[in-house]
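Here's the structure we're looking at; comments come further down.
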Amino acid sequence: MDKSAGRTELPELATAEAYYEDRGDGNFRSSIHAQGAWNEHEQHMAPASGIIAHCLARHEPREDMRIARISFEILGLIPGGDFEIVTSTVRPGKTIELVQAELAAGGRVAIRATAWRLTTSDTSAIAATEDPSLPLRAECARWNGYEEWPGGFIRSIEAVQAPGHRPGRGKAWIRPTVPLVDGVDSPDWVRLLGVVDATNGIATRVPAGASSWLFPNVDLQIHMYREPRGEWLGIDNSVTFGADGIGLTSSILHDEQGPFGRSEQILTLRKGPNQS
């Protein structure tokens, strides 16, 4: 019997010390650093959302506008290796625009993202937020929680956690340790968005794996009422599991100046194939 039957061939990966290699004209190749946690031949949604944000930021940019919300729909497994991103303007406007990006590989769209780009103005006189602050990184301890997850992307993350971290609820700071695109500088907000999807693994309610439960997200919604700065993403994270196979990961997002937005991920809850 051919023992290789049914196996998925591993993709050809970029050798760059970055998540992606830019191959020109909207074409990219992922590296081992973008490898997913659920399957070794796929990309993790976190860097994939980062490279999409990178392309949206470069699509017909305007100095008087910024992206305030990105909605990512995960349409299936995100193949590692070569892929293409196509951007377009869905709704042009003077003060409000809707732009779109599609990540496609092997003739199939794997992620479709839409982003609202809004005009900016000086509203500092009324600026305020009700979101609570996070403990400083100096008050946190090194976190080994990601060691329960496989994949190259997880190994590229540095993380610390605040006291009181528990299953289903936690506060942490994370940052990527490699650039998003080889040889290209990305804005801070793009690099930070490239790790937001990792919030689904920050305070898992149950251990992940074939002998436990699987809880992949099918979307990622990010709202930013302020453009974040710096290298570190702060996460005030909570995870809810419903009783009918659906869950939700919710996070208040921070940079080192304070909260800047929120993220939501709807989850599909499934028994692992080796669960007795």
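Hydrogens, waters and symmetry mates are skipped; everything else that's a heavy atom, side chains included, is used.
A 4.5 Å side-chain heavy-atom check between Asp219 and Phe72 finds every atom pair outside the cut-off. Residues Pro163 and Glu139 are not in side-chain contact: their nearest non-hydrogen atoms beyond the backbone lie 4.5 Å or more apart. When side chains are defined from C-beta on, Arg262 does not count as touching Ser251, because their heavy atoms never get closer than 4.5 Å.
From Asn217, atom CG reaches atom CG of Asn200 across 5.0 Å, with rounding to the nearest 0.5 Å. Between the CD atom of Glu130 and the CD1 atom of Ile252 there is a distance of 11.0 Å, given to the nearest 0.5 Å.
The residue from Arg29, Gln43, His54 that alone fulfils the side-chain hydrogen bond (donor to acceptor under 3.5 Å, both in side chains) condition with Tyr20 is Gln43. A side-chain hydrogen bond (donor to acceptor under 3.5 Å, both in side chains) with Arg112 is found for exactly one of Gln100, Glu102, Glu73, namely Glu102.
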Take Phe83 and Ile78 through the side-chain contact (heavy atoms from CB on, under 4.5 Å) test and state the conclusion after the steps. CA-CA 9 Å; Phe83 62 94; Ile78 310 164; over 6 Å; no
Just do the side-chain contact (heavy atoms from CB on, under 4.5 Å) check on Thr114 and Leu98 with the steps written out, would you? CA-CA 7 Å; Thr114 55; Leu98 185 65; 4.1 Å; yes
Take Ile52 and Leu56 through the test side-chain contact (heavy atoms from CB on, under 4.5 Å) and record every step on the way to the result. CA-CA 6 Å; Ile52 288 174; Leu56 286 170; 4.0 Å; yes
Evaluate the side-chain contact (heavy atoms from CB on, under 4.5 Å) criterion for residues Glu158 and Ile174: first the C-alpha distance (whole Å), next the side-chain angles of each, then the deciding distance (0.1 Å), finally the verdict. CA-CA 6 Å; Glu158 181 179 356; Ile174 65 175; over 6 Å; no
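When hydrophobic clusters are built by joining Ile, Leu, Val, Met, Phe, Trp and Tyr residues whose side-chain heavy atoms come closer than 4.5 Å, directly or via intermediates, Leu75 is not grouped with Met45. Both Leu248 and Ile246 are assigned to one and the same hydrophobic cluster, defined by single-linkage of ILVMFWY side chains at heavy-atom distances under 4.5 Å. Under a hydrophobic clustering in which Ile, Leu, Val, Met, Phe, Trp and Tyr are joined whenever their side-chain heavy atoms come within less than 4.5 Å, directly or via other members, Leu269 and Ile74 fall into the same cluster. When hydrophobic clusters are built by joining Ile, Leu, Val, Met, Phe, Trp and Tyr residues whose side-chain heavy atoms come closer than 4.5 Å, directly or via intermediates, Leu214 is not grouped with Leu77. Note: the hydrophobic cluster containing Ile85 also contains Val184 (ILVMFWY, side chain heavy atoms under 4.5 Å, direct or indirect links).
A donor-acceptor contact shorter than 3.5 Å is absent between the side chain of Arg137 and the backbone of Ala172. Between the side chain of His165 and the backbone N or O of Ile202 there is at least one donor-acceptor pair closer than 3.5 Å. Side-chain N or O atoms of Thr87 include none that pairs as donor or acceptor with a backbone N or O of Cys55 at under 3.5 Å.
Remark: Tyr19 engages Phe153 in a ring-ring contact (aromatic ring centres under 6.0 Å, His included) (not counting sequence neighbours).
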Identify each donor-acceptor pair in which a side-chain atom of residues 227-236 lies under 3.5 Å from a protein atom, sequence neighbours left out, and give them as a table.
| unit_1 | atom_1 | unit_2 | atom_2 | d |
| --- | --- | --- | --- | --- |
| Glu231 | OE1 | Arg175 | NH1 | 2.6 |
| Asp236 | OD1 | Arg169 | NH1 | 2.6 |
| Asp236 | OD1 | Arg169 | NH2 | 3.1 |

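Of all the heavy atoms in Ser263 and Thr199, the pair that sits closest is OG-OG1, 4.2 Å.
A donor-acceptor contact under 3.5 angstrom links the side chains of Gln265 and Asp197, judged on distance only.
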